[in-house]
Amino acid sequence: MARIGICWGMLVLLLAAELAAARAGFGAAVCVAAILMVLVIVLGFMRILRGPPLAIIFALGGLFWLTILLALGSLDSFTRTVVPVAGAAAYGPAVRGGAAGQTKGG
């Protein structure tokens, strides 16, 4: 039970450090705190190093795919561009949702 309390306390301290770093604008420190949180969970709560080798392989495989999915998900917002539509400002939001080819007033 003491191990769980220590791990929980470490997670709370890391959360406070992460929030302070985010408020101060230190992006790298936020990433470091997040990685340390993952290590506390994997090594403290899950005790993955005491498990069978197959469990370690599956845990590493899961982290690998999670990293790929998070990277692909964040690439969407990083690569999205805003393309202005010609003439959309003249009609405003009232025309949105109309059928294709319709114009204002007709």
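One is the number of the first residue; the rest follow in order along the sequence.
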**Message:** Applying a strict under-4.5 Å side-chain criterion to I, L, V, M, F, W and Y, I'd like to know whether Val38 and Met46 cluster together.
**Reply:** yes
**Message:** Within a 6.0 Å radius of atom CZ on Arg3, are there more than 12 heavy atoms belonging to other residues, nucleotides or ligands?
**Reply:** yes
**Request:** May I ask whether Ile6 and Ile4 are part of the same hydrophobic cluster, defined by side-chain heavy atoms of I, L, V, M, F, W, Y residues being less than 4.5 angstrom apart, directly or through others?
**Result:** yes
**Request:** Apply side chain to side chain contact (heavy atoms under 4.5 Å, CB included) to Leu11 and Ile41, showing your working.
**Result:** CA-CA 8 Å; Leu11 286 173; Ile41 291 171; 4.1 Å; yes
**Message:** With a 4.5 Å cut-off on side-chain heavy atoms, are Met37 and Met10 touching?
**Reply:** no
**Prompt:** Which distance, rounded to the nearest 0.5 Å, do you find between the CD1 of Ile48 and the CG of Leu63?
**Reply:** 9.0 Å
**Message:** Is it the case that over 12 heavy atoms from other parts of the model lie below 6.0 angstrom from the CZ atom of Phe45?
**Reply:** yes
**Fill in**
dist Leu70:CG -> Trp65:CH2 (nearest 0.5 Å) comes out at 13.0 Å
**Message:** I'd like to check Phe64 versus Ile68 (side-chain heavy atoms, cut-off strictly below 4.5 Å). Are they in contact?
**Reply:** yes
**Request:** Start with the C-alpha gap between Val32 and Leu36, add the side-chain angles, then the distance that decides, and say whether side chain to side chain contact (heavy atoms under 4.5 Å, CB included) holds.
**Result:** CA-CA 6 Å; Val32 169; Leu36 289 174; 4.1 Å; yes
**Request:** Nearest 0.5 Å please: distance from the CG atom of Leu60 over to the CD1 atom of Ile56.
**Result:** 7.5 Å
**Asked** With the 4.5 Å side-chain cut-off for hydrophobic clustering, are Val40 and Leu15 part of the same group?
**Response** yes
